[in-house]
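Reviewing the structure listed below.
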Amino acid sequence: MIEPTTTARPQAPAAVFDWLDEAAELRARAGLTRTLRSRPAEDPVLDLASNDYLGLTRHPAVTGAAAAAARRWGGGSTGSRLVTGTTALHTELEAELADFCGVEAALVFSSGYTANLAALTALTDPDTLIVSDAYNHASLIDGCRLARAQVLRAPHADPAAVGEALAARAEPRALVVSDSVFSVDGNAAPLRGLSAAARRSGAALLVDDAHGLGVLGEGGRGALAAAGLAGEPDVVATATLSKSLGSQGGAVLGPERVIRHLVESARTFIFDTGLAPAAVGAALGALRLLRAEPQRAHRAREVARTLAARLGAAGLEASTPDAAVVSVLAPTPESAVRWAADCRAAGLAVGCFRPPSVPDGISRLRLTARADLTEAQIAHAVEVLARTAPRV
């Protein structure tokens, strides 16, 4: 006799997403609830939470270039870059980015995230080993997950461990992947050591220079320029246009044949609408302004060092910045949230990083130095952070 099959009774339509409420409750208990907060166009709060390192987002040369591009080319790029979405303005930006960063070619994407996904998925295959720094940004991690390659998570900023992994590999190809400046603490990767380790094993190096472009190197030409690796035939960089350049979008920079390959094979390029002309114009305006005022890069680094030194003198545990990011440790996720809220109430906006956004599980407030900060604003920021700090 055949026993009847037991099937689960279908849920009522209103209950199919009940599990989301349970997940939200678990996040709330762990102090990990996230919320969106709208800000007004004219916000009186001192902003040390954004990534506007050079203070260019509202610069007239940048906003004017964005407006002019929108008037000339329209509100959107109208399609994929391979169909109708590449304007003469896109080509102009790519040429100037490549020249500024000292590489053969550049390719602009709709975001830094899609640029990282493109580079990782198009430059690897099942016969590739990816060696990725343990503290890499989420976009690099997601790119590794989407790639068909084997992936090894290497200890943070450890060229020797990377070299050992490469030497032991069975795969014929390998790609070493690292942020140039890590977004949580602002420390720089040992790019020369990573390049040497990769070269000894015939591997390529991919560097996400999101937090280095505009801040590191001569006149802000980026971390690869600072390390003497710009233009090398086995090195590729990704970058964002939304931080130092005050716009939106991303780019891949490197050898011309790498860029040609991405145009023909990177899915986040082929199947994505091109970056809006206003964003292209803004980035181009910011890049030209940086060329004309290279001291902005030095000033951003100087402000970061000043913030870190004064916070340390005030008894707070602040990171030593290699670029324009400073983090201050908080005892718990809950105290970090309260601290950030107290800072905002006192007129200071800061970032709040909690698990799982921090790879070591330690909550922090994250400050981004800006080249346009005044001495009075720096003093105000330090005073507010010290006064509102949680008592352990």
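Position 1 is the first residue of the sequence, and the numbers go up from there. Computed from heavy atoms alone, side chains included, the values below leave out hydrogens, waters and symmetry copies.
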> Is any NZ, NE, NH1 or NH2 atom of the basic residue among E256 and R260 found under 4.0 Å from an Asp or Glu carboxylate oxygen of the other?
Replying inline: yes
> If you group Ile, Leu, Val, Met, Phe, Trp and Tyr by side-chain heavy-atom gaps below 4.5 Å, do L97 and L107 land in one group?
Replying inline: no
>> Closer than 3.5 angstrom, by distance alone: can the side chain of E232 be matched with the main-chain N or O of L229 as a donor-acceptor pair?
In response: no
> Is it true that E334 and R338 make a salt bridge, defined as a side-chain N closer than 4.0 Å to a carboxylate O?
Replying inline: no
> Apart from L348 itself, what residues make up its hydrophobic cluster, given side-chain heavy atom links below 4.5 Å?
Replying inline: L46, L48, V303, L307, L311, L316, V326, V328, W339, V350, L365, L367, L373, I378, V382, V384, L385
> Do any N or O atoms from the side chain of S319 and from the backbone of D185 form a donor-acceptor pair under 3.5 angstrom?
Replying inline: yes
> What's the shortest heavy-atom distance between Y53 and A324, and which atoms?
Replying inline: CD2-CB, 3.6 Å
>> Would you compute the distance between atom SG of C352 and atom CZ of R364 and round it to the nearest 0.5 angstrom?
In response: 11.5 Å
>> Please determine whether residues L206 and L194 belong to a single hydrophobic cluster, defined as Ile, Leu, Val, Met, Phe, Trp and Tyr linked transitively by side-chain heavy-atom distances below 4.5 Å.
In response: no
>> With salt bridge (charged side-chain N to carboxylate O under 4.0 Å, His left out) as the criterion, how do E375 and R310 come out once you've worked through the C-alpha distance, each side chain's angles and the decisive distance to 0.1 Å?
In response: CA-CA 12 Å; E375 172 60 31; R310 294 187 185 179; 2.7 Å; yes
> Which is it for R366 and S327 under the side chain to side chain donor-acceptor pair (under 3.5 Å) test, yes or no, and what are the steps along the way?
Replying inline: CA-CA 4 Å; R366 179 179 176 272; S327 70; over 6 Å; no
> Has the side chain of H90 got a donor or acceptor atom that lies under 3.5 Å from a matching backbone atom of T87?
Replying inline: yes
> Quick one: does S244's side chain get under 4.5 Å of L290's, heavy atoms only?
Replying inline: no
>> Looking at H261 and A122, would you say the former's side chain and the latter's main chain have a donor-acceptor pair under 3.5 Å?
In response: yes
> Hey, is the main chain of P172 close enough, under 3.5 Å, to the side chain of D127 for a donor-acceptor pair?
Replying inline: no
>> Are the side chains of E96 and D99 in contact, using a 4.5 Å heavy-atom criterion?
In response: no
> Could you walk me through whether R305 and E302 pass the salt bridge (charged side-chain N to carboxylate O under 4.0 Å, His left out) check?
Replying inline: CA-CA 5 Å; R305 290 192 296 267; E302 180 182 56; 5.6 Å; no
>> Please check: side-chain N/O of E94 versus main-chain N/O of V108, any donor-acceptor pairing under 3.5 Å?
In response: yes
>> Nearest 0.5 Å, please: how far is CZ in R192 from CG in L224?
In response: 11.0 Å
> Near E317 CD, under 6.0 Å, is it more than 12 heavy atoms from other residues, nucleotides or ligands?
Replying inline: no
> Below 4.5 Å, heavy atoms only, C-beta onward: do R199 and D234 meet side chain to side chain?
Replying inline: yes
>> Under a 3.5 Å threshold, yes or no: a donor from one side chain and an acceptor from the other, between S132 and R153?
In response: no
> Could you walk me through whether R58 and D52 pass the salt bridge (charged side-chain N to carboxylate O under 4.0 Å, His left out) check?
Replying inline: CA-CA 10 Å; R58 291 176 174 267; D52 188 17; over 6 Å; no
> At what distance, to the nearest 0.5 angstrom, does CG of D322 lie from OG of S180?
Replying inline: 10.5 Å
> Should the heavy atoms of other residues, nucleotides or ligands under 6.0 Å from CZ of R291 be counted, would the total exceed 12?
Replying inline: yes
>> So which atom in C101 and which in A230 form the shortest heavy-atom distance, rounded to 0.1 Å?
In response: O-CB, 3.4 Å
>> Keeping D133 on the side-chain end and A157 on the backbone end, is there a donor-acceptor pair under 3.5 Å?
In response: yes
> Does atom CZ of R39 have more than 12 heavy-atom neighbours from other groups under 6.0 Å away?
Replying inline: no
>> In the structure I gave you, are the side-chain heavy atoms of P255 and E104 within less than 4.5 Å of one another anywhere?
In response: yes
>> Less than 4.0 angstrom from a charged side-chain N to a carboxylate O is my criterion; do D125 and R173 meet it?
In response: yes
>> salt bridge (charged side-chain N to carboxylate O under 4.0 Å, His left out), that's the test. Do R288 and E92 meet it? Break it down for me.
In response: CA-CA 12 Å; R288 290 169 178 170; E92 195 174 351; 2.5 Å; yes
> Would D272 and F109 count as a side-chain contact (heavy atoms from CB on, under 4.5 Å) if you check the C-alpha gap in whole Å, the side-chain angles of each, and the deciding distance to 0.1 Å?
Replying inline: CA-CA 8 Å; D272 192 21; F109 288 75; over 6 Å; no
> Looking at L129 and A165, what are the two nearest heavy atoms and their distance?
Replying inline: CD2-O, 4.0 Å
> Can you name the closest pair of heavy atoms from Q248 and L275 and give their distance?
Replying inline: O-CD2, 3.4 Å
> Where does the angle between the aromatic ring planes of H156 and Y135 fall among parallel (under 30°), tilted (30 to 60°) and perpendicular (over 60°)?
Replying inline: parallel
>> Is there a side chain to side chain donor-acceptor pair (under 3.5 Å) between N116 and S139? Walk through the geometry before answering.
In response: CA-CA 6 Å; N116 276 338; S139 58; 2.9 Å; yes
>> Within the 4.5 Å heavy-atom criterion, are L175 and L120 side-chain neighbours or not?
In response: yes
> Can you name the nearest heavy-atom pair linking H137 to S183, along with the distance?
Replying inline: CD2-OG, 4.3 Å
>> Is there a path of hydrophobic side-chain contacts, each under 4.5 Å between heavy atoms of I/L/V/M/F/W/Y residues, joining L289 to F100?
In response: yes
> Does the side-chain contact (heavy atoms from CB on, under 4.5 Å) test come out yes or no for L56 and R296, once each step is laid out?
Replying inline: CA-CA 10 Å; L56 297 183; R296 286 180 178 267; 3.5 Å; yes
> Would you say the side-chain atoms of R370 pair up with the backbone N or O of D47, donor to acceptor, closer than 3.5 Å?
Replying inline: yes
>> Is there a side-chain contact (heavy atoms from CB on, under 4.5 Å) between N51 and T240? Walk through the geometry before answering.
In response: CA-CA 11 Å; N51 294 311; T240 178; over 6 Å; no
> Looking at CG of L205 and OG of S178, how far apart are the two atoms once the value is rounded to the nearest 0.5 Å?
Replying inline: 7.5 Å
> Does R387 have any side chain to side chain donor-acceptor pair (under 3.5 Å) partners at least two apart in sequence or in another chain, and if so, which?
Replying inline: E383
> Do the side chain of S201 and the main chain of A203 share a donor and acceptor less than 3.5 angstrom apart?
Replying inline: no
> Minimum heavy-atom separation for R354 to T33, with atom names?
Replying inline: NH2-O, 3.1 Å
>> Tell me whether the count of non-hydrogen atoms from other residues, nucleotides or ligands lying under 6.0 Å of CZ in R344 goes above 12.
In response: yes
> How far apart are the C-alpha atoms of L82 and F269, what are their side-chain angles, what is the distance that settles it, and do they pass the side-chain contact (heavy atoms from CB on, under 4.5 Å) test?
Replying inline: CA-CA 8 Å; L82 286 169; F269 179 83; 4.0 Å; yes
>> Can you confirm whether R301 sits close enough to L216 that some side-chain heavy atom of one is under 4.5 Å from a side-chain heavy atom of the other?
In response: yes
> How long is the gap from CG on L54 to CG on L245, to the nearest 0.5 Å?
Replying inline: 7.5 Å
>> Hydrophobic cluster membership, with links at side-chain heavy-atom distances under 4.5 Å among I/L/V/M/F/W/Y: are L20 and L26 in one?
In response: no
>> Quick one, I362 and L329 - any side-chain contact, counting heavy atoms below 4.5 Å?
In response: yes
> What distance separates D142 CG from Y113 OH, expressed to the nearest 0.5 Å?
Replying inline: 3.5 Å
> Hey, does L93 have a side-chain heavy atom less than 4.5 Å from the side chain of L241?
Replying inline: yes
